[in-house]
Every structure is written in C-alpha cells, then in structure tokens.
Amino acid sequence: MPLMKPQQLLLYSNRFDPDEHESDWFIPCNWRYVDPKSMEPIFDSKEIWDRLSEGDVVTLGKEELPGWFLLIHRDDLIEYAKPSIQSYLLHYAEDLAGQDHEVGIRKWFRFGEMALTQLWIGRVAATGHSLGLGETGDYWQFCLDILLESTKDEPEAFDAALQLLEWIRTESYFRPPEAFVAWEQKVQAGSLKRPRQHGKSAYSHWGRDLHVSMAIYHLELAGIPPTRNDETDELSGADVVSDVYSTTFKRPLSYEATKAIWKRYSNLKAPLSDL
C-alpha cells in the first residue's frame with residue numbers, strides 16, 4: 001500500500017488543486033502533513049488513492065480532512081518548498097533597522113502602518129465576516145507592541161511612531177489604539193523621550209529573525225521537523241531555511257544560528273499559525 005512506504009508524506013490542502021497550478025504551487029502555509037499511520041480511511045485500500053487524488057474526504061481520528069491530497073517523498077517536498085521559502089524571505093525577512101537613518105524610519109513606519117491597519121480591519125469586521133482576521137489579531141497586536149517597546153532604545157522606531165500618529169490623524173480612517181494613545185501621553189508628559197543610539201540596536205535583526213522562524217514553522221506544518229539531532233543526517237526546517245537564506249541574501253546564516261532563532265521565537269507559533 002503506497003501510503004505506508006517509508007519516507008513518504010501525505011499532505012493535504014483545502015485551498016486548491018496543485019494540478020491547476022503549473023508553477024510554485026507549494027506554499028507551505030497552505031499545506032498540512034498527515035501521518036499515514038494515523039489515518040482511518042472511510043473506504044477500502046483499493047480505492048483510497050483514487051479517492052484522495054479526487055479531493056475526497058478521509059478521517060484522521062475523528063477529524064475529517066477534506067481537500068486535495070498529495071503523496072510525496074520528503075526530499076521532493078524540500079525541493080518543492082525551497083522556491084516558496086525563498087520568495088517569502090525576500091518579501092519579508094529584511095532587517096528593520098537600516099544603515100541609513102531615513103531608510104530605517106521608513107521600514108519601521110511600514111511595519112507599524114501594516115499592524116495598525118490590520119488591527120483596525122479586525123475590529124470593524126464581525127466575527128463571521130469574510131474580512132475577519134481571527135487570531136491574526138494577536139500577531140498584529142504583537143507587532144505593534146514590539147514597535148512601541150522598541151521606541152525606548154531605537155531612535156528610528158521613535159521617529160516612525162511619531163509619523164504614524166500624524167498619519168493616523170490626517171490620512172487614516174481610524175483612531176489610534178489604546179496602546180498608542182498611552183505611548184503618546186508618556187511622550188507629551190516627558191516621561192518617554194527620543195533615545196540616543198548607543199551601539200547596535202536590540203531590534204536591528206528583529207524582522208529577519210521573526211520571519212526566519214515563521215518560515216521554519218510553515219515547514220513544520222508540512223511535516224519537516226524544525227530541528228534535528230546531531231546524530232541524524234535528515235534535513236530539518238532550520239537546515240532548509242539556513243541554506244535558502246544564505247543563498248538568497250549572500251550573508252551566511254548557519255544552522256546553529258537558525259536553530260537559536262527558532263528557539264527564541266517558536267513560542268510565537270500560536271498567533272502566527274493563521275498567517
């Protein structure tokens with residue numbers, strides 16, 4: 001029975017049929033790994049593959065899994081995933097602080113603008129509305145908290161936060177959230193002042209590290225373990241992301257460094273899971 005062959009993974013997606021997408025169909029966050037040994041098919045073994053390939057329903061314990069299924073070797077899975085991981089990191093995983101002060105401010109501003117906008121959408125959308133963000137609100141709130149916390153040590157973040165307040169009041173459709181109002185009050189009262197830069201910012205690599213960990217998490221959802229034992233040669237998510245990052249940005253990021261990033265940020269998995 002093909003599902004029981006070693007080193008093969010059963011993946012499913014309830015979003016689209018890979019046969020309809022000629023290129024870059026494997027987006028890790030769209031797929032989930034199913035352990036074949038845990039499956040309880042609702043049909044006999046002779047029919048199972050035909051039914052799965054047609055997007056039929058199987059059960060994993062008591063959970064029904066509708067969608068499109070793919071049986072794939074682990075090595076092939078990694079090769080399919082690499083282009084998507086590369087695209088993801090190119091789009092997101094750049095350092096938040098820039099060598100140029102104005103560039104750094106713009107990066108922080110875009111970061112805060114996205115968080116504020118998504119939080120506003122989440123508040124105005126009803127729970128069952130198509131625009132409802134669900135638990136992603138936790139993620140955007142976390143991003144806003146990081147921005148406001150970083151203003152204590154990072155001049156670029158402080159300047160960006162002031163620009164964001166001006167943008168909210170002159171160009172946006174919403175009011176500043178309570179956390180931002182409290183921050184503004186501290187600034188006006190003089191209890192929070194623009195910091196001076198002393199050495200490297202603690203947040204200079206925050207954007208990179210967060211999204212590196214998210215890339216590892218998406219691979220974990222698709223059946224690739226985040227890290228590995230030193231005694232095994234089987235590639236982990238940290239291996240894959242380390243290789244892709246080093247190749248993409250021409251800046252080495254070792255497996256050990258990537259593993260340390262994952263250890264630091266893996267506790268964020270719950271709010272990141274819906275992105």
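Numbering starts at 1 and runs along the sequence shown. Computed from a prediction, not measured in an experiment: that's the story for all the values here. All values below were derived from every heavy atom in this structure, side-chain atoms included, with hydrogens, water molecules and symmetry-related copies excluded.
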Is the closest side-chain heavy-atom distance between [X] and [Y] below 4.5 Å?
{"X": "L221", "Y": "W31", "result": "no"}
{"X": "M214", "Y": "Y88", "result": "yes"}
{"X": "P176", "Y": "R169", "result": "yes"}
{"X": "W140", "Y": "M114", "result": "yes"}
{"X": "L164", "Y": "L147", "result": "yes"}
{"X": "K82", "Y": "I85", "result": "no"}
{"X": "L77", "Y": "I224", "result": "yes"}
{"X": "I261", "Y": "R208", "result": "yes"}

Whether R228 engages the ring of Y255 as a cation-pi pair (distance to the six-membered ring centre under 6.0 angstrom, angle to the ring normal within 45°) should be assessed.
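Pair R228/Y255 counts as cation-pi.
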ring-ring contact (aromatic ring centres under 6.0 Å, His included) involving Y33 - partner list, sequence neighbours excluded:
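If we apply the ring-ring contact (aromatic ring centres under 6.0 Å, His included) test to Y33, skipping adjacent residues, there are no hits.
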Gap between atom [atom2] of [Y] and atom [atom1] of [X] - 0.5 Å precision:
{"X": "S254", "Y": "K259", "atom1": "OG", "atom2": "NZ", "value": "11.0 Å"}
{"X": "L165", "Y": "W183", "atom1": "CG", "atom2": "CH2", "value": "6.0 Å"}
{"X": "D75", "Y": "L235", "atom1": "CG", "atom2": "CG", "value": "7.5 Å"}
{"X": "R175", "Y": "L116", "atom1": "CZ", "atom2": "CG", "value": "15.0 Å"}
{"X": "L11", "Y": "Y80", "atom1": "CG", "atom2": "OH", "value": "11.0 Å"}
{"X": "L210", "Y": "H205", "atom1": "CG", "atom2": "NE2", "value": "14.5 Å"}

Please check this pair: side chain of [X] against backbone of [Y], looking for a donor-acceptor N/O pair closer than 3.5 Å.
{"X": "S87", "Y": "P83", "value": "no"}
{"X": "T248", "Y": "Y245", "value": "no"}
{"X": "S242", "Y": "L253", "value": "yes"}
{"X": "R74", "Y": "G223", "value": "yes"}
{"X": "D243", "Y": "V240", "value": "no"}

Please give me the minimum heavy-atom distance between I216 and A238, naming the atom from each residue.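 Distance-wise, the nearest heavy atoms are CD1-CA, 4.0 Å.
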Might you point out which heavy atoms bring A81 and L219 nearest each other, and give the distance in Å?
->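 Reported closest heavy-atom pair: CB-CD2, 3.7 Å.
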Check the hydrophobic clustering (I, L, V, M, F, W, Y; side-chain heavy atoms under 4.5 Å; chains of links allowed) and say if V181 and L119 are grouped together.
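In one cluster: no.
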Salt bridge or not between E149 and K152? Use side-chain N to carboxylate O under 4.0 Å.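 A salt bridge links E149 with K152.
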Open item on the list: I'd like to know if R194 pairs up with E156 as an ion pair, taking the criterion as any Lys NZ or Arg NE/NH1/NH2 lying under 4.0 Å from an Asp or Glu carboxylate oxygen.
Closed with: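 The answer is no: the pair does not qualify as a salt bridge.
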_Quick one, F109 with D159, criterion side-chain contact (heavy atoms from CB on, under 4.5 Å). Give me CA distance, side-chain angles, the key distance, then yes/no._
CA-CA 9 Å; F109 181 90; D159 293 343; over 6 Å; no
Please work out whether the ring planes of W262 and Y217 are parallel, tilted or perpendicular, with thresholds of 30° and 60°.
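Answer is parallel, since the angle falls under 30°.
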Query - Parallel, tilted or perpendicular: rings of Y173 and W120 (30°, 60°) - result: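 Taking Y173 first and then W120, their aromatic rings lie parallel (interplane angle under 30°).
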**Request:** Report the C-alpha distance between D209 and R264 in whole Å, list the side-chain angles of each, state the deciding distance to 0.1 Å, and finish with yes or no for side-chain contact (heavy atoms from CB on, under 4.5 Å).
**Result:** CA-CA 9 Å; D209 292 353; R264 180 180 178 187; 4.2 Å; yes
Would you say that more than 12 heavy atoms from the other residues, nucleotides or ligands in this model lie under 6.0 Å from the CD of Q188, or not?
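Counting neighbours around CD of Q188, more than 12 heavy atoms of other residues, nucleotides or ligands fall under 6.0 Å, so yes.
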Please determine whether side-chain hydrogen bond (donor to acceptor under 3.5 Å, both in side chains) holds for the pair W167 and S172, giving the CA-CA distance in whole Å, both sets of side-chain angles, and the decisive distance to 0.1 Å. CA-CA 6 Å; W167 170 76; S172 77; over 6 Å; no
Using the side-chain contact (heavy atoms from CB on, under 4.5 Å) definition, which of the options E154, Q163, E113 pairs with W108?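 For W108, the side-chain contact (heavy atoms from CB on, under 4.5 Å) check succeeds only for E154.
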Could you go through E184 and V187, starting from their C-alpha distance and side-chain angles, then the distance that decides it, and tell me whether this counts as side-chain contact (heavy atoms from CB on, under 4.5 Å)? CA-CA 5 Å; E184 182 183 29; V187 173; 5.5 Å; no
side-chain contact (heavy atoms from CB on, under 4.5 Å) assessment of N229 paired with E234: CA-CA 9 Å; N229 293 326; E234 188 174 274; over 6 Å; no
